[in-house]
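Residue numbers start at 1 and run along the sequence shown.
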Amino acid sequence: VSDLLVLGIDEAGVSPWLVNEGPTGVGDPFDQDVFPHVYGPIPLSAVAVVVPLESGADGRFIWPKDLPRE
């Protein structure tokens, strides 16, 4: 897989469709495994950052360490 991008999304732009969930689906804000899911359209205006997702020599993806902020 190539040409993948990491998108930084402004939560305010997707708030009607944003649900913070963890593996249990409970959405406990103190759970370390909670992360946002967007269940609806992501307007282009909500995309704040776009960074290429690179892969290493072994083919595994390398997550960007420092995502730029707008």
Side-chain angles (χ1 to χ4, degrees):
V1 177
S2 62
D3 298 330
L4 294 178
L5 301 171
V6 175
L7 303 179
I9 306 296
D10 177 6
E11 291 184 7
V14 293
S15 61
W17 310 281
L18 181 65
V19 178
N20 287 307
E21 295 179 314
T24 62
V26 174
D28 179 355
F30 300 105
D31 184 345
Q32 295 288 2
D33 294 328
V34 171
F35 56 97
H37 290 78
V38 179
Y39 294 105
I42 299 176
L44 188 54
S45 61
V47 178
V49 176
V50 179
V51 178
L53 184 59
E54 306 290 338
S55 60
D58 62 359
R60 299 176 89 181
F61 292 115
I62 303 167
W63 191 258
K65 291 183 181 188
D66 295 312
L67 291 174
R69 299 194 180 261
E70 61 174 340

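Applying the ring pair (Phe, Tyr, Trp, His ring centres under 6.0 Å) rule to pairs touching residues 37-57 yields Phe35-His37, His37-Tyr39, sequence neighbours excluded.
With sequence neighbours excluded, the residues that form a side-chain contact (heavy atoms from CB on, under 4.5 Å) with Pro64 are Val6, Val51, Leu53, Leu67.
The 12-atom threshold is exceeded at CG of Asp58, counting heavy atoms of other residues, nucleotides or ligands nearer than 6.0 Å. Atom CG of Leu44 has 12 or fewer neighbouring heavy atoms from other residues, nucleotides or ligands inside a 6.0 Å radius.
Follow the hydrophobic side-chain contacts under 4.5 Å out from Ile62 and you never reach Leu5; the two are in separate clusters. Using a 4.5 Å cut-off between side-chain heavy atoms of Ile, Leu, Val, Met, Phe, Trp and Tyr, with links allowed through other members, Val19 and Leu7 fall into different hydrophobic clusters.
Smallest separation of non-hydrogen atoms from Val14 and Ala46: CG1-CB, 4.1 Å.
Two residues are said to be in side-chain contact when any heavy atoms from C-beta on lie closer than 4.5 Å; Leu4 and Phe61 meet this criterion.
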